Amino acid sequence: MRFLLFLAALFPLCASAQPNFIIIFTDDQGYNDLSCFGSKTIKTPHLDQLAKEGRKFTNFMVPCPVCTPSRAGLLTGCYPKRIGMQQHVLFPASTRGMHPDEVTIADHLKAQGYATACIGKWHLGHYPECLPRAQGFDSYYGIPYSNDMNHPDNKGKPRVSRDASWKDQDKDVFNWRTPLIRNEEIIELPVDQRTITRRYTDEAIKFVTANKEKPFFLYLPHSMPHIPLFVPKDVRDPDPKNAYTCVIEHIDAEIGRLMDTVRKEGLADNTYVIFTTDNGPWLHFKNHGGSAKPLRDGKGTNFEGGQRVPCIMWAPGRIPANTTCAELASTIDLLPTIAQLADKPLSNNKKIDGMDISALLTKETKSPRNEFLYYTSRGDLAGIRAEPWKLLILGNQRKGQKNAKQTTHLFNLDKDVAEATNLAEKNPEKVAELTALMNKRDAEITKNARAAWNTTAKHPWPDTIQ
Ligand code: MG
């Protein structure tokens, strides 16, 4: 009896020893768009504080330069092609999604007794069969796809310029018809995007507070700074030149509010916070898009500006403060890494591409990852990184683009992070070696690729709600 009492007393200690995980994932934020990553115009004191108390990752990649495939890779630890999710982004009329049989970070942690929540933009299929509650999350609150997509058929988008939208945001916000979802039901149509970042934070604070006694996993994919940009009235700078800055600074302030709760509830010494973004900045939108400087290009491209993203990892007492890791790593490494940090390694039932990079969080050591494949936003093989070398073969991968000119690029990223000097012509052997290597790696993925979920059924959501 005494032994049982001893065990009962010990159990809460064991349970609370399992660390909590919070992944904060912004949308289309550039490599340069935090003051701690070099921005001279955007002030992000709360994220800077996380960096000061944690570790910045400066060579951190996403597996695709657009939303849907990037998110599929983050949650499953796979190149999107391995799970059939490589073909660009989903739209309101899409009838496919991430297969619920895939093992997500949420599935893995839920099986270890974690409380799990997804709050924010999902974009991995909006039929009930592939929404978050079918993918390991206990609850979901957010928008099912991008904030520039209209329910039910993506038609009727406003034609005003982004600057005009910002100047008259109280009017333009209701020109969009993006739904807000609770679990599998529409609760607001159109969602009021002015307050969405703040409402995500309110939900996140509620979830953290309610689950402070048990281990939890919070996945918080903010729907901005993807356009159209909106903020609450009390923080809006009416000058459209400052629209993007205003949105990032608002997200930063809201992250500060969530972190206040984490600290106040005494969770700081047992919580990992990982901040990153799904792809590079949408440069086309100028002052409504960000900057990837000093990297080349942005969203939608395979240059570093499209796929290298800012990343901060924070866990006081576990991750050394005010440090930087320049080793190669990716969002696809987070699943096996989190599994390791939670002390429950993954089963080997499904092949994945992610690697356990937990040593990179705490030590000065080489990354287990020395290669990384690049795929276009349409899922075509585009290149490979191997140590400092990066090969990109662009231009004619798409069927039907017979006349597109193929260009071969070879960069040494250690010496030329801006990808300014193409070394391909001078190094034909390196080009041949890397071409063979990327084709070999891609052939294995193609051969073993698993199918995405899809259906011929009509979507159950009504076209309008009362
Ligand atoms: Mg995106």
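Counting starts at 1 for both ligands and their atoms, in listed order. Quick note: residue numbers are just sequence positions, from 1. Reckoned from all heavy atoms, side chains included, excluding hydrogens, waters and symmetry mates. The structure displayed is predicted, hence computed values, not measured ones.
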Taking distance alone, no hydrogens or angles, what donor-acceptor pairs closer than 3.5 Å link side-chain atoms of residues 62-73 to residues at least two apart or in another chain?
| from | atom 1 | to | atom 2 | distance (Å) |
| --- | --- | --- | --- | --- |
| Thr68 | OG1 | Leu90 | N | 3.1 |
| Thr68 | OG1 | His123 | O | 3.1 |
| Thr68 | OG1 | His123 | NE2 | 3.4 |
| Ser70 | OG | Asp278 | O | 2.6 |
| Arg71 | NH1 | Lys121 | O | 3.3 |
| Arg71 | NH2 | Asp27 | OD2 | 3.2 |
| Arg71 | NH2 | Asp278 | OD2 | 2.9 |

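- Asp107 is linked by a side-chain contact (heavy atoms from CB on, under 4.5 Å) to Val103, Thr104, counting only residues two or more places apart in sequence or in another chain.
- The angle subtended at the Mg ion (ligand 1) by OD1 of Asp278 and OD1 of Asp28 is 100°, given to the nearest 10°.
- Around the Mg ion (ligand 1), the two atoms OD1 of Asn279 and OD1 of Asp27 are separated by an angle of 160°, to 10 degrees.
- In the model, Arg162 has a side-chain atom that pairs as donor or acceptor with a side-chain atom of Ser165 under 3.5 Å.
- Proximity of Tyr219 to Thr116: side-chain heavy atoms (C-beta onward) are nowhere separated by under 4.5 Å.
- Backbone or side-chain N, O or S atoms of Cys67 reach the Mg ion (ligand 1) at under 2.8 Å.
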